[in-house]
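Ligands are counted one by one from 1 in listed order, and the atoms in each one are counted from 1 as well. Since the structure is predicted, the reported quantities are computational estimates derived from the model, not experimental observations.
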Amino acid sequence: MKVLVVGGAGFIGSHVVDALVKKGYEIVVVDNLSSGKKDFLHPGAAFYSLNILDEGFVTIFEKERPDAVFHLAAQINVQKSIENSRLDAEVNILGTLKILELCKKHDCKLIYSSSAAVYGNPVYLPVDERHPVKPLSNYGISKYTPEMYISLYSQQYDVDYTILRYANVYGPRQDAEGEGGVVSIFMKKMINNEPPIIFGNGEQTRDFIYVEDVAAANIAAMEKDCRGVFNISSNQEMTINSLVDEINSSLKTKLAPIHKKFRAGDILHSCLNNLLAQNKLGWEPRFSFKEGLKKTVDSYRQ
Ligand code: NAD
């Protein structure tokens with residue numbers, strides 16, 4: 001079976017590729033290396049350095065004829081989505097629509113990486129898939145709009161799909177700039193003996209999910225015949241203060257955070273309910289936060 005991983009040189013995409021290699025799939029990667037790195041890419045994957053918006057993408061898709069597509073390529077920086085809303089919409093909305101059209105034409109399953117950003121400010125916790133969708137950023141809108149196209153194409157043209165909404169993903173190869181990059185931002189500072197900066201009192205919470213668990217969820221989505229939207233998360237709230245404690249303990253440091261003013265617009269608490277993914281995809285997180293953090297610290301040390 002041949003699979004295409006779009007965005008396969010990125011943080012999460014490269015872990016999806018590693019997991020697919022272990023399972024013996026034939027893999028093709030398309031990535032324009034705008035934030036991804038060729039070094040992240042497993043040598044067992046065929047690689048095309050290309051923008052999905054380029055005409056050549058259709059040619060490659062039709063030459064390779066994959067059976068399934070993992071679509072992880074995106075403009076993921078929330079600030080950039082505000083500064084350059086057009087680029088954000090082009091890559092995230094039009095780029096996904098282009099892939100969806102190809103999936104429709106060639107009867108190919110689509111596994112789409114979406115985000116907790118689609119929910120906006122939680123009305124209740126933990127947020128399940130029936131929670132109202134109300135994005136607070138251009139980025140959130142650009143991640144949700146493709147979800148609506150995908151579900152419509154499934155109803156109208158029977159396109160097979162799974163949508164995965166990730167909580168804050170962390171792990172080796174994460175860039176400090178991306179969505180949910182707080183673990184890597186703190187890690188980069190603290191490994192250099194610098195204090196982390198917390199906006200607010202640090203009692204705000206996030207739900208951190210280890211990247212190899214996210215990769216496993218992608219594989220489960222491809223292997224199970226299960227259309228729908230699934231939260232991929234740890235189902236656990238962790239305060240930012242506890243995050244600093246955990247990193248201190250893992251690095252054997254005692255760095256006290258610097259507190260700055262809480263940023264207006266930041267979400268106070270975030271946690272996704274992952275029970276649907278457990279029940280329907282047969283997936284659950286395998287790595288505790290301590291285990292995931294240890295692997296992340298080890299990779300930073302290298
Ligand atoms: P990333 O930036 O590391 O990966 C994205 C990859 O897509 C990069 O390799 C980049 O070079 C590539 N890319 C971007 N635009 C492209 C284009 N036009 N053509 C071809 N390739 C292009 O980001 P990530 O954190 O690995 O995110 C992967 C997916 O997961 C994204 O869709 C993101 O929205 C989603 N997501 C991430 C998180 C998180 O915590 N990191 C949380 C929720 C959702």
For ligand 1, which atoms have a heavy atom of [X] less than 4.0 angstrom away?
X      : answer
Lys143 : 31 (C), 32 (O), 33 (C), 34 (O)
Gly10  : 3 (O), 4 (O), 8 (C), 9 (O)
Leu50  : 19 (N), 20 (C)
Ser34  : 10 (C), 11 (O), 13 (N), 14 (C), 15 (N)
Ser115 : 43 (C), 44 (C)
Ser113 : 29 (C), 30 (O), 32 (O)
Ala9   : 9 (O)
Ala73  : 7 (O), 13 (N), 21 (N), 22 (C)

Qualifying ring-ring contact (aromatic ring centres under 6.0 Å, His included) pairs, either residue in residues 214-268, two or more places apart: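 Qualifying pairs: none.
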
Return the option from [options] holding the heavy atom at the smallest distance from [atom].
atom                    : options                     : answer
atom 19 (N) of ligand 1 : Val29, Val30, Leu94, Ile52  : Ile52
atom 33 (C) of ligand 1 : Tyr112, Tyr166, Tyr139      : Tyr139
atom 20 (C) of ligand 1 : Val91, Ile12, Asn32, Ile209 : Asn32

Should the proximity of [X] to ligand 1, defined as any heavy atom under 4.0 Å, be assigned to the side chain, the backbone, both, or neither?
X      : result
Ala116 : neither
Val6   : neither
His71  : neither
Leu33  : backbone

Keeping the roles fixed (side chain from [X], backbone from [Y]), state whether a donor-acceptor pair exists under 3.5 Å.
X      : Y      : value
Asp128 : His131 : yes
Lys143 : Ala117 : no
Asp54  : Gly56  : no

Min heavy-atom dist [X] to ligand 1 below 4.0 Å:
X      : result
Leu53  : no
Gly8   : no
Asn92  : no
Ser114 : yes
Gly95  : no

Glu194 side, atom CD; Met190 side, atom CE - distance, nearest 0.5 Å: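 It is 11.0 Å, given to the nearest 0.5 Å.
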
Phe289 and Tyr170 aromatic ring geometry - parallel, tilted or perpendicular at 30°/60° bounds: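 The rings of Tyr170 and Phe289 sit tilted, inter-plane angle from 30° to 60°.
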
Derivation and outcome, side-chain hydrogen bond (donor to acceptor under 3.5 Å, both in side chains), residues Ser142 and Asn92: CA-CA 6 Å; Ser142 74; Asn92 297 2; 2.9 Å; yes

Mind checking whether [X] has an N or O less than 3.5 Å away from an N or O of ligand 1?
X      : value
Asp31  : yes
Val169 : yes
Gln75  : no
Ile76  : no

Worked verdict on Asp88 versus Gln75 for side-chain hydrogen bond (donor to acceptor under 3.5 Å, both in side chains): CA-CA 6 Å; Asp88 185 67; Gln75 187 303 111; 2.7 Å; yes

Members besides Tyr144 in its Ile/Leu/Val/Met/Phe/Trp/Tyr cluster (side-chain heavy atoms under 4.5 Å): Val118, Tyr119, Leu125, Val127, Val133, Met148, Leu272

Side-chain H-bond candidate by donor/acceptor type, Asn235 with Asn274, under 3.5 Å: yes

Within 45° cone of Phe11 ring axis and under 6.0 Å: Arg173 NZ or CZ: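 Arg173 over Phe11 ring: no.
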
Cluster link Leu255 to Tyr300, ILVMFWY, side chain under 4.5 Å: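 Yes, because Leu255 and Tyr300 connect within a single hydrophobic cluster, where side-chain heavy atoms sit under 4.5 Å apart.
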
Verdict with reasoning, Tyr153 to Glu101, per side-chain hydrogen bond (donor to acceptor under 3.5 Å, both in side chains): CA-CA 9 Å; Tyr153 273 51; Glu101 283 287 349; 2.6 Å; yes

Asn121 vs Val123 side-chain heavy atoms within contact, under 4.5 Å: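 No, their side chains stay 4.5 Å or more apart.
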
